[in-house]
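What follows is one structure encoded as structure tokens, with my remarks underneath.
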Amino acid sequence: MHGFTDVDRQSDPNSWVAVLDRLTEEPFYRAYQQRVRELLHPSPGHHYLEVGAGTGASAVQLRDDHGVRVVTVDHARTMSVAMRARGLTNCAVADAHHLPFLSRSFHGAWADRTLQHVADPRAAIEELVRVVRPGGRVVLADPDYDTQVLDIADQRLARRVLRFRADVLLRNGTLAHQHAGLLATHGLVDITVEARTLVVRNPTAVDNVLGLRSWAATAAARGALDPAEARAFASQFDDAVAALRFTYAVTFFITAATVN
């Protein structure tokens, strides 16, 4: 499973804090996260919850920009420590499937790149909806790895590696386009869906394109790809970079709705 599935059990948990810090500096991530916060319709003095808050960078931004109160939740104690170091005091180490809050406790709640990692995204969404009061907002954001493209010479090999990322390395890597339907089943209204496509031409950007060059080797190590194919993928990756043709893209879906 992906390292963010259980950060505390990784060999170097703090390296995953560093990953989030690097991504937070990327213009694409800053822009879509700002949109996520806007869709909460934040109002001064109101109370908001972020589930799967990571380092808490977005929660800090919401608090400081809008004068609101923010509570954060993450499954990893490592992330809770990072959040407190950034000045967030209302941090809970908790399971997204069983939030430790009363129903209708918040004016809004959001989950950013969280549902792709949880065991039961439908249960997690149900919990997000439960803790938001009527008229409050729920916002979900995730990449949908069914939308991936990569320009290397062997497109069939590229698709096999990208499918490994979508179907094996992530629990729910292709769920984001279904978020609207899942919110609708809970009776939410005013549902909107926005798509933001991350396009990477520089292979060293976006934390080395989320480690893309290593995905084939990981697939081979797990028996999903022949080692020779993994070597070919890495070679073609490097060739594409040298020829200035390297392009990778994946689309993020931002889904927002109002609790009825």
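Residues satisfying the salt bridge (charged side-chain N to carboxylate O under 4.0 Å, His left out) criterion with R160, sequence neighbours excluded, are E229. When the salt bridge (charged side-chain N to carboxylate O under 4.0 Å, His left out) test is applied to D21, the partners found at least two apart in sequence or on another chain are R86. Under the salt bridge (charged side-chain N to carboxylate O under 4.0 Å, His left out) criterion, R159 pairs with no residue at all, not counting sequence neighbours. Under the rule for a side chain to side chain contact (heavy atoms under 4.5 Å, CB included), the partners of V149 that lie at least two apart in sequence or sit in another chain are A249. Shown here are the side chain to side chain contact (heavy atoms under 4.5 Å, CB included) partners of T174, two or more places apart in sequence or in another chain: D144, D146, R163, A166, D167. Scored by the side chain to side chain contact (heavy atoms under 4.5 Å, CB included) test, P42 finds L40, Y48, L62, H66, V68 as partners (sequence neighbours excluded). Residues passing the side chain to side chain contact (heavy atoms under 4.5 Å, CB included) test with A243, sequence neighbours excluded: R245. For R84, there are no salt bridge (charged side-chain N to carboxylate O under 4.0 Å, His left out) partners two or more places apart in sequence or in a different chain.
In this structure, H75 and T5 have side chains that are not in contact, with every pair of non-hydrogen atoms separated by 4.5 Å or more.
Taking the six-membered ring for Trp, F164 and W215 have ring centres at least 6.0 Å apart.
Between F252 and F28, the ring planes lie perpendicular to each other; the angle is over 60°, past the 30° to 60° tilted range. Classification of the H107-H46 ring pair by plane angle, with boundaries at 30° and 60°, yields parallel.
Between the Q34 side chain and the Y29 main chain, no donor and acceptor come within less than 3.5 Å of each other.
Side chain to side chain, D8 and T78 meet the donor-acceptor criterion of an N or O pair below 3.5 Å.
Other members of the cluster containing V81 do not exist, because no ILVMFWY side chain is joined to it at under 4.5 Å. Annotation for V132: hydrophobic cluster partners, listed by chain and number, are L49, V51, V71, V73, L99, F101, F106, L115, V118, I125, L128, V129, V131, V138, L140, L175, L182, L183, L188, I191, V259 (ILVMFWY side-chain heavy atoms under 4.5 Å, direct or chained).
Counting only residues at least two apart or in different chains, salt bridge (charged side-chain N to carboxylate O under 4.0 Å, His left out) contacts with residues 38-49 comprise R35-E38. Under the salt bridge (charged side-chain N to carboxylate O under 4.0 Å, His left out) criterion, the residue pairs touching residues 201-220 are R22-D207, R213-D238, with sequence neighbours excluded.
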